Amino acid sequence: MSDTPFQQEVGKRRTFGIISHPDAGKTTITEKLLLFGNAIQLAGTVKGKKTGRMATSDWMQMEQERGISITTSVMQFPYRERMVNLLDTPGHEDFSEDTYRTLTAVDSVLMVIDGAKGVEDRTIKLMDVCRLRDTPIFTFINKMDREVRDHIEVLDEIETVLNIKCAPVTWPIGMGKAFKGIYDLMADTIHVFKQGQASVVPDDIQIKGLDSPEALELLGEELVEEVKEEIELVQAASHEFDLQEYLDGKLTPVFFGTALANFGVREMLNYFVEWAPSPLPRGTDLGEVAPDDDKFTGFVFKIQANMDPKHRDRIAFMRICSGTYSKGMKMKHVRIGKDVKIADAVTFLAGDRSAVEEAISGDIIGLHNHGTIQIGDTFTMGEDRQFTGIPHFAPELFKRVRLKDPLKMKQLQKGLQQLSEEGATQLFMPLNNNDLILGAVGVLQFDVVQQRLRDEYKVECIYEPVNVNTARWVYCDDERKLEEFKRKGGENLAIDGGGYLTYIAPTRVNLSLTEERWPDIQFRSTREH
Ligand code: G4P
């Protein structure tokens with residue numbers, strides 16, 4: 001049976017995010033991808049942290065004005081018969097739960113590694129999240145225009161530290177000043193590096209075969225032999241690419257290049273649009289939803305406030321999981337059990353925030369949210385299903401909130417409740433006192449909350465240190481045991497912003513001891529919306 005036009009369109013979608021440690025080159029590579037997608041005319045126009053270059057969209061400009069990058073922007077661009085949706089995952093100090101949750105809305109991931117530094121902390125953490133869903137991963141080893149580490153050693157590190165098999169698809173010829181290009185092991189083709197094409201779509205100079213006279217002319221006899229030996233070594237030491245293993249998240253195809261000098265990125269992108277999965281099925285409480293099902297469904301994975309200073313609304317980012325969104329359609333907001341008419345969703349084609357007429361499975365749309373939408377909310381054509389797997393993560397940072405003006409308690413509580421529903425922070429209210437404790441995964445979340453309380457709720461608050469080291473959501477099937485635990489462990493128990501019982505541990509040791517003492521109680525480090 002041949003595919004319907006709708007199924008063909010869905011099959012063209014490639015929805016992915018980039019994970020990396022700060023400074024590995026995520027921003028730079030994003031910019032080059034947009035260049036190849038014709039989404040920007042000249043690279044160098046996407047925000048530069050230090051250079052303060054122009055932003056591609058007003059949202060980014062907003063971030064720049066505020067000096068922080070808290071959005072998970074979405075960039076859609078066509079490339080080679082495909083429609084690519086790139087979800088930006090903030091990866092700097094402003095690292096937060098948004099980063100994690102964005103990974104629930106993608107079908108695959110590109111991991112960028114600094115060739116000189118190898119595997120770094122943040123990458124390890126983000127990979128752990130990808131593991132939860134066996135997300136397929138492409139790897140780009142960056143900065144070949146510098147003197148970097150031995151490549152085989154870096155591959156080894158990826159295999160052992162990140163526990164994934166590496167299948168090099170391209171291999172660099174030389175590095176630093178002597179960087180000559182990359183060799184495509186699968187196509188037996190050299191792509192020749194040419195300086196000075198960093199901000200344009202570079203020429204694609206190809207040489208077929210390492211044994212060809214052209215290769216000999218470019219590299220010289222000695223280097224050709226060297227490269228051939230190295231390739232043999234690499235092939236013996238690494239794995240061959242296997243599409244199924246990649247799709248299962250067990251093996252990553254590896255590419256080399258330099259994002260800054262704009263080389264090797266296109267070669268990676270060409271394989272990416274071929275191999276990366278089109279929209280995958282998503283789990284709900286009533287079973288999986290297939291992307292080519294024509295009944296519309298979607299879930300909200302992120303809410304962004306104040307994206308446009310002129311409008312005080314918030315944007316809820318929705319991943320469409322099946323069917324088609326069309327302008328003005330009605331959909332069911334499952335949690336509140338009501339139909340809502342969505343007339344003005346925004347889309348993200350070519351980095352512009354423009355009104356969208358239609359979007360399909362795999363695409364992301366932005367809904368204007370006036371406070372009724374929360375992270376994890378499901379929208380359907382009337383069914384009462386709920387998407388699963390959109391987690392809250394146990395925060396790692398905690399602060400107690402104090403009011404400057406004690407008379408504003410009501411506003412403070414309302415503000416914190418709403419901000420926690422939105423996922424901007426997590427709120428914990430201890431059972432045995434009136435403290436309000438905020439939890440965050442990234443330190444910048446606290447500043448954002450403080451600023452938003454001031455701007456949106458007219459509440460001035462201050463933070464104080466609090467003796468909480470980590471939090472765990474408490475579950476127990478046995479009511480009696482749970483009651484006993486509540487009685488005896490009461491001093492460290494709290495209710496979170498969603499109404500769930502939580503153990504807020506003063507130390508890790510306390511947590512382990514408590515876990516040992518109460519074997520029938522589950523202490524979970526994530527909870528689903
Ligand atoms: P990030 O988003 O992952 O944090 O990294 P970003 O792209 O901002 O890159 C971090 C730094 O590394 C930037 O330099 C960038 O120019 C540089 N860089 C990225 N790719 C390459 C590459 O292929 N080769 C080399 N040599 N450098 C690369 P910066 O000086 O910190 O910032 P900026 O002033 O260029 O913005």
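A quick note: this is a predicted structure, and the numbers were derived from the prediction, not measured. Sequential numbering from 1 along the given sequence is applied to the chain's residues. In each ligand, atom 1 is the first atom listed, and ligand 1 is the first ligand listed.
Close approach of ligand 1 to P22 is summarised as follows: ligand atoms under 4.0 Å from at least one heavy atom of the residue are 4 (O). The contact set between ligand 1 and K26, taken as ligand atoms under 4.0 Å from a residue heavy atom, comprises 1 (P), 2 (O), 3 (O), 5 (O), 7 (O). Ligand 1 places these atoms under 4.0 Å from at least one heavy atom of D23: 1 (P), 3 (O), 4 (O), 5 (O), 10 (C), 12 (O). Interface atoms of ligand 1 facing T28, defined by a heavy-atom separation under 4.0 Å, are 6 (P), 7 (O), 9 (O), 15 (C), 19 (C). Close approach of ligand 1 to T258 (heavy-atom distance below 4.0 Å) involves ligand atoms 22 (C), 23 (O), 24 (N). Close approach of ligand 1 to D145 (heavy-atom distance below 4.0 Å) involves ligand atoms 22 (C), 23 (O), 24 (N), 25 (C), 26 (N).
The shortest N/O to N/O separation between G25 and ligand 1 falls below 3.5 Å. An N or O contact shorter than 3.5 Å is missing between G257 and ligand 1 by distance. For ligand 1, the polar-atom distance check finds an N/O of L260 within less than 3.5 Å of one of the ligand's N/O atoms.
Side-chain contact, N85 with R13: no donor N or O sits under 3.5 Å from an acceptor N or O. With 3.5 Å as the limit, one finds no donor-acceptor pair spanning the side chains of T425 and S420. In summary, the side chains of Y463 and D447 do not present any donor paired with an acceptor at a separation below 3.5 Å, with no hydrogens or angles considered.
At a threshold of 4.0 Å, the pair E464-K399 does not count as salt-bridged, since none of the basic side-chain nitrogens sits closer than that to a carboxylate oxygen. The pair K26-D114 does not count as a salt bridge, with every side-chain nitrogen at least 4.0 angstrom from each carboxylate oxygen.
Sorted by first and then second residue, the pairs that involve residues 140-163 and meet ring pair (Phe, Tyr, Trp, His ring centres under 6.0 Å), not counting sequence neighbours, are H151-W171, H151-F256.
Of all non-hydrogen atoms in Q76 and D363, the two that sit nearest each other are NE2-OD1, 3.1 Å.
Counting heavy atoms under 4.0 Å from ligand 1, residue K143 touches it through both backbone and side chain.
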